[in-house]
*Asks:* 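Structure below; questions to follow.
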Amino acid sequence: VLTAAHCVDGAPADEITVTVGVTYLSDAESNGDFTYGVDAVEVHPRYGDDGQSFDVAVLTLDRAIVDPGGNVDPIALTEPGAGLDRKGRQ
C-alpha cells in the first residue's frame, strides 16, 4: 500500500491497520475482511529532510487483499521509463 510518510513515520507496523473497500470506517467494523495488519513500513529514506519532500511510504500487509465486495482495484502505474512531466502526464 502506498501512503504518505507523515501518516506512518515513527509508528510501529503492528500498531497500523489498513482498511480497504469502504468509504466509511464504520462500514468495515462489521466485516473484518476489509481490515489488514501491517508487517512492515518503509518510509522514503529522504523523507524529513525538509518536512515536505519525499512524503511517501510503502506498507507491506500481513496478507493479500481479498475483495469480497468488488470495490477494490489496484492503481494503474506507468511503464518503467515512461517520460512524465511534473504533473504526471506523458
Side-chain angles (χ1 to χ4, degrees):
V1 172
L2 184 67
T3 190
H6 72 265
C7 291
V8 296
D9 189 35
D14 62 354
E15 293 182 10
I16 301 171
T17 58
V18 173
T19 301
V20 301
V22 296
T23 302
Y24 302 102
L25 288 176
S26 59
D27 293 342
E29 291 175 4
S30 62
N31 187 341
D33 291 342
F34 294 108
T35 303
Y36 296 81
V38 174
D39 280 343
V41 177
E42 294 289 332
V43 173
H44 193 286
R46 291 186 52 195
Y47 171 69
D49 291 350
D50 64 8
Q52 295 178 20
S53 300
F54 308 102
D55 187 13
V56 64
V58 175
L59 307 179
T60 302
L61 302 183
D62 62 356
R63 63 189 189 282
I65 293 176
V66 177
D67 185 14
N71 298 323
V72 179
D73 291 313
I75 62 170
L77 299 175
T78 61
E79 293 295 321
L84 301 176
D85 66 20
R86 296 191 131 229
K87 296 180 182 174
R89 295 182 294 237
Q90 290 188 1

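Here, residue 1 is the first one in the sequence, and each next residue gets the next number.
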*Asks:* Which atom names give the shortest non-hydrogen contact between Ala5 and Val43, and what distance separates them?
*Replies:* CB-CG1, 3.7 Å
*Asks:* Do Asp62 and Val38 have side chains that get closer than 4.5 Å, going by heavy atoms?
*Replies:* no
*Asks:* Could you tell me which non-hydrogen atom of Ser53 sits nearest to which non-hydrogen atom of Tyr47, and how far apart they are?
*Replies:* O-CD1, 3.7 Å
*Asks:* For a quick test of reading the model, state the closest non-hydrogen atom pair linking Ile65 to Tyr36 and the distance between them.
*Replies:* CA-OH, 3.4 Å
*Asks:* Compare all side-chain heavy atoms of Val58 with those of Leu2 and state whether any distance is below 4.5 angstrom.
*Replies:* yes
*Asks:* Show me the side-chain donor-acceptor pairs of residues 11-20 shorter than 3.5 Å, one per line, residues at least two apart or across chains.
*Replies:*
none

*Asks:* For His6, enumerate each residue passing the ring-ring contact (aromatic ring centres under 6.0 Å, His included) test, keeping only those at least two apart in sequence or located in another chain.
*Replies:* none
*Asks:* To the closest 0.5 Å, what do you measure between CZ (Phe54) and NE2 (His44)?
*Replies:* 5.5 Å
